[in-house]
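Some notes on the structure that comes next.
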Amino acid sequence: MTEPQLLKRVRTRHFLSAKQNGTKITGLTSYDQLTAKIFDEAGIDFLLVGDSAANNVLGYDTTLPVTVDEMIPLVRAVARAASRAFVIADLPFGSYETGVADAVHSAIRMMKETGAHAVKLEGGIRSADQIRHIVDAGVPVMAHIGFTPQSEHRLGGHVIQGRGAGEDQLLADARAVEEAGAFAVVLEMVPAEAAKKVTESLTIPTISVGAGPHCDGQLLVWTDWAGLTQGRIPKFVRQYAQIGQTLRDAAGAWKADVEAGEYPGPENSY
Ligand SMILES: Nc1nc(=O)c2c([nH]1)NC[C@@H]1CN(c3ccc(C(=O)N[C@@H](CCC(=O)O)C(=O)O)cc3)CN21
Ligand SMILES: CC(C)C(=O)C(=O)O
Ligand SMILES: [Mg+2]
């Protein structure tokens, strides 16, 4: 988006101007103050405290079990650490689907108790009323359509969305969230050509998570991107580090040194 030192704090208007200027927007997930500070210093434009914390922090198999109460301390840590990046709190499953009052309540809790700058929720047409009411309450909303992990059981697994006839549904969902007042929309796991059509038909920026190169920005789950996630990694991820292997090697080397009496050395002792 803009050079880190030129911009004090990323705001929703910078998302819109980035689309207008053709400058790509970058986002990573973050769940703690250590990574938030590092990604913020690297100039990443926004940090999403994803409900993927369910898998990546709390050890659940899916995102479904995580609650607002569990998310709040993580969002707070990220918001405290980020000085330039725009911090977005993911609304977990069950905290907004039950009606506009519950959705506004959850969004306000996130804003009041964490210092986040916006919330994100899943769903297009089905979530448009919630988006409208949260925005009316003064809270910016990032929408999320295409593959929506909170509904993976209804979708039948990690299935690519927006293929064939699904493209019309995707476009309708995208228009609905823009009309409802979302400032940006995440497109997850949709064909590049469908994402291109959505990007060209909206005035708000599209953020790709596995939606190809034509979107206005790109977002990845940091633990996937840094080689920390165990197990299957989606095809849309490019790994920029192998932190998992680095830590495994470090733990093995330290254990061997301790067992051999090589650690601590004189320089580590009083
Ligand atoms: N952005 C994102 N969303 C997720 O739901 C998600 C992550 N990242 N990262 C961690 C886990 C791992 N997940 C996934 C999601 C998809 C595949 C996968 O292999 N997908 C196929 C395409 C779908 C298919 O047709 O099977 C692929 O080739 O990428 C793997 C792990 C779900 N989780
Ligand atoms: C992958 C992104 C879009 C997300 O919702 C999350 O990390 O929870
Ligand atoms: Mg999420």
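When a ligand or atom number is given, it counts from 1 through the structure's own listing order. Below, each value reflects all heavy atoms present in this structure, side chains not excepted, and no hydrogens, waters or symmetry copies.
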(request) Would you please test Val185 and Glu178 for side-chain contact (heavy atoms from CB on, under 4.5 Å) and show each step? (result) CA-CA 8 Å; Val185 57; Glu178 169 164 298; over 6 Å; no
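Aromatic ring centres of Phe183 and Phe86: separated by under 6.0 Å. Tyr240 has its ring centre no less than 6.0 Å from the ring centre of Trp222.
The N, O or S atom of Asp51 with the smallest distance to the Mg ion (ligand 3) is OD1. When you scan the N, O or S atoms of Asp90 for the one nearest the Mg ion (ligand 3), you land on OD2.
A heavy-atom separation below 4.0 Å is found between Val209 and ligand 1.
For atom 9 (N) of ligand 1, the closest non-hydrogen atom of the protein is Asp224 OD2, 2.7 Å. For atom 2 (C) of ligand 1, the closest non-hydrogen atom of the protein is Glu188 OE2, 3.2 Å. The closest protein non-hydrogen atom to atom 14 (C) of ligand 1 is Pro234 CG, 3.6 Å.
Atoms of ligand 1 lying under 4.0 Å from at least one heavy atom of Phe147, given by number and element, are 5 (O). Set against the non-hydrogen atoms of Asp90, the atoms of ligand 2 under 4.0 Å away are 4 (C), 5 (O), 6 (C), 8 (O).
With a 4.0 Å cut-off on non-hydrogen atoms, Leu220 does not touch ligand 2 at all. Contacts between Lys120 and ligand 2 below 4.0 angstrom, taking non-hydrogen atoms only, involve the side chain exclusively. The proximity of Thr63 to ligand 2, defined as any non-hydrogen pair under 4.0 Å, does not occur for either the backbone or the side chain.
In this comparison of Lys235, Arg232, His158, Gln161, the heavy atom closest to atom 24 (C) of ligand 1 sits on His158.
In this structure, atom 33 (N) of ligand 1 is not in close contact with the protein, since no protein heavy atom lies within 4.0 Å of it. Distance check on atom 11 (C) of ligand 1: every protein heavy atom falls at or beyond the 4.0 Å cut-off. For atom 6 (C) of ligand 1, no protein heavy-atom neighbour is present inside the 4.0 Å cut-off.
Salt-bridge formation is detected for the pair Lys196/Glu200: a Lys NZ or Arg NE/NH1/NH2 atom is positioned less than 4.0 Å from an Asp or Glu carboxylate oxygen.
A distance of 7.5 Å separates CD of Gln161 from CZ of Phe147, quoted to the nearest 0.5 Å.
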